[in-house]
Peer 1: 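One structure, pasted below without further comment.
Chain letters run A, B, ... following the sequence lines, proteins first, then strands; residues in each count from 1.
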Amino acid sequence: MLDIRFVRERTDKVIDALKKRGQRTELLDKFLGIERERRDLLREVEDIRQTRNRLSQEIGRMKKEGRDATDILTEAKTISDQITAKEEKLRELENGALQELLLIPNIPHESVPVGKDETENKEVRVWGDKPQFTFEPKNHWDIGENLGILDFERAGKIAGARFVIYKGPGAKLERALINFMLNLHTKEHGYTEIFPPILVNRNAMTGTGQLPKFEEDLFKLADERGFLLIPTAEVPVTNIHREEILDEADLPIYYTAYTPCFRREAGSYGKDTRGLIRQHQFNKVELVKFTKPEDSYKELEMLTGNAEEILKRLELPYRVVSLCTGDMGFSASKTYDLEVWFPAQGKYREISSCSNFEDFQARRADIRFKRKGKKGTEFVHTLNGSGLAVGRTFAAILENFQQEDGSVIIPDALRHFMGAEKISKK
RNA sequence: GGAGAGGUGGCCGAGUCGGUCGAAGGCAGCCGCCUGCUAAGCGGUUGUGGGGGUAACACUCCACCCAGGGUUCGAAUCCCUGCCUCUCCGCCA
């Protein structure tokens, strides 16, 4: 959520941002209209309240002195009724203004390339050598099924499409990846490990920006409390500090969390219907940071580097792209995607998305900090990134390390966790 | 699931029959004074959000004592609902 005052006073910047994102500016006009009305009425209500407060005090005083206050009491009653009526209207306007404001996306950082869609993203750097095969490389789902470590068909029986069963060395590889990632981030990158709730309430989802706009992407429980399944650990982990005022000395805070993630993938019918790329349930290790505003872009570079380190140690070729204004997520000011090489498809595919949200989420979730010796509070900046999506990493390993006989070599960094150098057919 | 207790400022904690209560007191913090140093002591000061106002301060008004309703001229104080916490019993991985 943007600052109301900023939207009011720097409307030009908001319009510019919406245009760069390829969005229409109508929602802004609607907001400004309601906001104008809201502010006028607010002033009116406050004036009447002031009168009422004065009269009430007067009544109290008179009663104490034993004098008759009927006249003034009648007057106060009239005024009070006025307030009730206007307050109701005011509440409607406040609510309306907020609802509109929650639909306005974040302002892209000046360094973000302007563009309409993913074709205009900017490649920032490329790492690693793509593997050369003397045979036709297979898709990861074929490799996995042939080795008996992935079972999409039986998963369909027990859950449905877009689910998978990992089996034997497959299940172990998934677990090894999670451990490897968490160990690296906690031991070498300074993150504190978190294991959060994976069911959350609507407030948490609104705090990080999934709601109200992206409701159709989420799984909901039928339970009357309305729990939602998290689509990413970003939600519970960022909301850890919701409605808190942190100490300047506490910042920056680094958290990492492994969680399963759940996405409905509504609207992606027909896309990536096979394999591990797009599942309703998948594992992810997430990185989350809370920083001071002046540090957040430096921290974004570091966070992205932390995620890249996983790919480097797994010897997976990848590239980093800076998302353009038209392709960037709703809440982000700047986003780097890490894309790993998939030989069978002959292209790079997203495996991590690292973003700086500046104070957009912090304002929604009300996460502030206090500077030593300074009056007042400021919103922190929040950042997060996948470090990494585990299922996609699994898939990338199968494809990049496949051998002609159908077996898969385990990258060095994982052998310690796997207790094996290779997965072969039994 | 059953029975009870409670949710007040950064923290602890008081709020009488509803009436200058944004809220006593303590701790912590900040600024002075005192002091050979440290400790103690003395005086002052310190919430958040929003509106108006200002070059910026100042100033001023409104709201906020878990959340949302209600009663009332007026509610931290009374009533209702929800959420959360704690204690005891039961059940359970």
Side-chain angles (χ1 to χ4, degrees), chain A residues 1-10 31-32 34-102 195-207 211 221 223-228 236 239-251 253 260 290 359-360 362-380:
Chain A
M1 169 167 81
L2 299 174
D3 180 15
I4 293 188
R5 225 178 313 186
F6 177 82
V7 177
R8 224 158 52 202
E9 289 163 13
R10 298 309 314 269
F31 167 76
L32 289 171
I34 299 174
E35 169 61 13
R36 177 79 256 165
E37 238 186 293
R38 189 202 123 237
R39 227 148 44 102
D40 291 344
L41 186 61
L42 177 64
R43 209 177 310 177
E44 216 180 302
V45 168
E46 287 192 345
D47 283 349
I48 313 178
R49 275 182 188 152
Q50 194 182 347
T51 313
R52 184 204 57 195
N53 290 351
R54 266 210 314 274
L55 289 179
S56 288
Q57 278 176 20
E58 183 62 22
I59 291 168
R61 217 173 301 136
M62 289 176 84
K63 286 216 168 158
K64 208 174 272 176
E65 293 166 11
R67 289 196 284 152
D68 176 54
T70 6
D71 286 359
I72 192 166
L73 213 128
T74 333
E75 194 189 343
K77 171 75 178 148
T78 321
I79 290 178
S80 201
D81 289 344
Q82 278 179 41
I83 295 178
T84 314
K86 288 191 192 265
E87 275 181 341
E88 193 177 332
K89 177 71 182 156
L90 183 64
R91 258 201 305 275
E92 280 170 28
L93 289 171
E94 279 173 348
N95 211 356
L98 178 65
Q99 289 318 306
E100 293 306 315
L101 190 61
L102 287 175
F195 194 82
I198 60 179
L199 295 182
V200 302
N201 58 38
R202 299 188 69 87
N203 279 342
M205 286 289 187
T206 308
L211 289 179
L221 296 199
D223 183 279
E224 67 280 359
R225 282 168 291 185
F227 288 128
L228 301 135
N239 278 285
I240 286 175
H241 295 297
R242 109 184 322 269
E243 285 158 53
E244 287 185 24
I245 298 172
L246 303 166
D247 213 57
E248 180 179 17
D250 297 337
L251 301 173
I253 295 173
F290 302 81
D359 62 7
F360 191 83
R363 186 171 288 109
R364 285 172 165 243
D366 193 16
I367 307 169
R368 291 172 287 166
F369 77 103
K370 199 167 168 51
R371 286 188 203 270
K372 195 168 159 57
K374 266 205 162 181
K375 252 181 99 81
T377 56
E378 292 173 55
F379 289 108
V380 301

Peer 1: Nearest whole Å is fine: how far is B:rA67 C1' from A:Asp366 CG?
Peer 2: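 It works out to 15 Å between those atoms.
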
Peer 1: Could you measure between the two P atoms, the one in B:rG6 and the one in B:rG68, and give it in whole Å?
Peer 2: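 After rounding to an integer number of Å, I get 22 Å for this pair.
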
Peer 1: Run the side-chain donor-acceptor check on residues 83-91 of chain A: report pairs under 3.5 Å with partners two or more places apart or on a different chain.
Peer 2:
| unit_1 | atom_1 | unit_2 | atom_2 | d |
| --- | --- | --- | --- | --- |
| A:Thr84 | OG1 | A:Ser80 | O | 2.9 |
| A:Lys86 | NZ | A:Glu44 | OE2 | 2.4 |
| A:Glu87 | OE2 | A:Arg49 | NE | 3.1 |
| A:Glu87 | OE2 | A:Arg49 | NH2 | 2.8 |

Peer 1: Summarise how protein sits on nucleotides 16-21 of chain B as a single string, 5' to 3': B when a protein heavy atom is under 4.0 Å from the base, S for sugar-phosphate-only contact, - for no contact.
Peer 2: ---B--

Peer 1: Taking only residues two or more places apart in sequence, or in another chain, which ones meet A:Arg10 in a side-chain hydrogen bond (donor to acceptor under 3.5 Å, both in side chains)?
Peer 2: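 Checked A:Arg10 against side-chain hydrogen bond (donor to acceptor under 3.5 Å, both in side chains); matches are A:Asp12.
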
Peer 1: Provide the distance between the two P atoms, one in B:rU72 and one in B:rC84, to the nearest whole Å.
Peer 2: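 Going atom to atom, P in each nucleotide, I get 32 Å.
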
Peer 1: What are the residues of residues 73-92 of chain A, sorted by number, that bring a heavy atom to within less than 4.0 Å of RNA chain B?
Peer 2: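 Per residue number, the list reads A:Leu73, A:Ala76, A:Lys77, A:Ser80, A:Arg91.
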
Peer 1: Is A:Arg5 close enough to B:rG51 that one of its side-chain N or O atoms is under 4.0 Å from OP1 or OP2 there?
Peer 2: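 Affirmative; the distance criterion is met.
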
Peer 1: Identify the nucleotide, in any strand shown, that forms a Watson-Crick or G-U wobble pair with B:rC59, with both distances under 3.5 Å; if there is none, say none.
Peer 2: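 The base-pairing partner of B:rC59, which may sit in any strand shown, is B:rG52.
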
Peer 1: Could you give the distance separating B:rU77 and B:rG22 at their P atoms, to the nearest angstrom?
Peer 2: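 Pairwise P distance, B:rG22 against B:rU77, rounds to 13 Å.
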
Peer 1: Both distances below 3.5 Å, Watson-Crick or wobble geometry, any strand: find the nucleotide opposite B:rC30.
Peer 2: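 Across all strands, the one nucleotide that pairs with B:rC30 is B:rG44.
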
Peer 1: Got a list of protein N/O to nucleotides 79-86 of chain B N/O distances below 3.5 Å?
Peer 2:
none

Peer 1: Taking the C1' atom in each of B:rA76 and B:rC65, what is the distance between them to the nearest angstrom?
Peer 2: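 One C1' to the other, the span is 5 Å.
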
Peer 1: Quick one: is B:rG51 close enough that its OP1 or OP2 comes under 4.0 Å of any side-chain N or O from A:Arg38?
Peer 2: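 False: A:Arg38 side-chain N/O out of range (4.0 Å or more) of B:rG51 OP1/OP2.
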
Peer 1: Which atom pairs link the protein and nucleotides 6-9 of chain B when you take only N or O atoms and keep those under 3.5 Å?
Peer 2:
none

Peer 1: Using a cut-off of less than 4.0 Å, is there contact between a side-chain N or O of A:Arg54 and OP1 or OP2 of B:rC73?
Peer 2: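 Answer is no, no contact under 4.0 Å.
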
Peer 1: With A:Arg52, which residues qualify under salt bridge (Lys or Arg N to Asp or Glu O under 4.0 Å), at least two apart?
Peer 2: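 If we apply the salt bridge (Lys or Arg N to Asp or Glu O under 4.0 Å) test to A:Arg52, skipping adjacent residues, there are no hits.
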
Peer 1: Report the residues that fulfil side-chain hydrogen bond (donor to acceptor under 3.5 Å, both in side chains) with A:Arg43, sequence neighbours left out, ordered by chain and then residue number.
Peer 2: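 Scan of A:Arg43 (side-chain hydrogen bond (donor to acceptor under 3.5 Å, both in side chains), adjacent residues dropped) gives none.
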
Peer 1: Does B:rC92 have a Watson-Crick or wobble partner in any strand here, with both distances under 3.5 angstrom, and which is it?
Peer 2: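 Partner of B:rC92: none found under 3.5 Å.
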
Peer 1: Mind checking what makes ring-ring contact (aromatic ring centres under 6.0 Å, His included) contact with A:Phe360, not counting sequence neighbours?
Peer 2: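 Per chain and number, A:Phe360 pairs via ring-ring contact (aromatic ring centres under 6.0 Å, His included) with A:Phe330.
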
Peer 1: So if I take residues 240-247 of chain A and measure heavy-atom distances to RNA chain B, which residues fall below 4.0 Å?
Peer 2: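 Those residues whose heavy atoms fall under 4.0 Å from RNA chain B, taken from residues 240-247 of chain A, amount to none.
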
Peer 1: At under 4.0 Å between heavy atoms, how does the protein contact nucleotides 54-63 of chain B? Give one character per nucleotide, 5' to 3', with B, S or -.
Peer 2: -------SBS

Peer 1: Using salt bridge (Lys or Arg N to Asp or Glu O under 4.0 Å) as the criterion, list what pairs up with A:Glu378, not counting sequence neighbours.
Peer 2: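 Scan of A:Glu378 (salt bridge (Lys or Arg N to Asp or Glu O under 4.0 Å), adjacent residues dropped) gives A:Arg371.
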
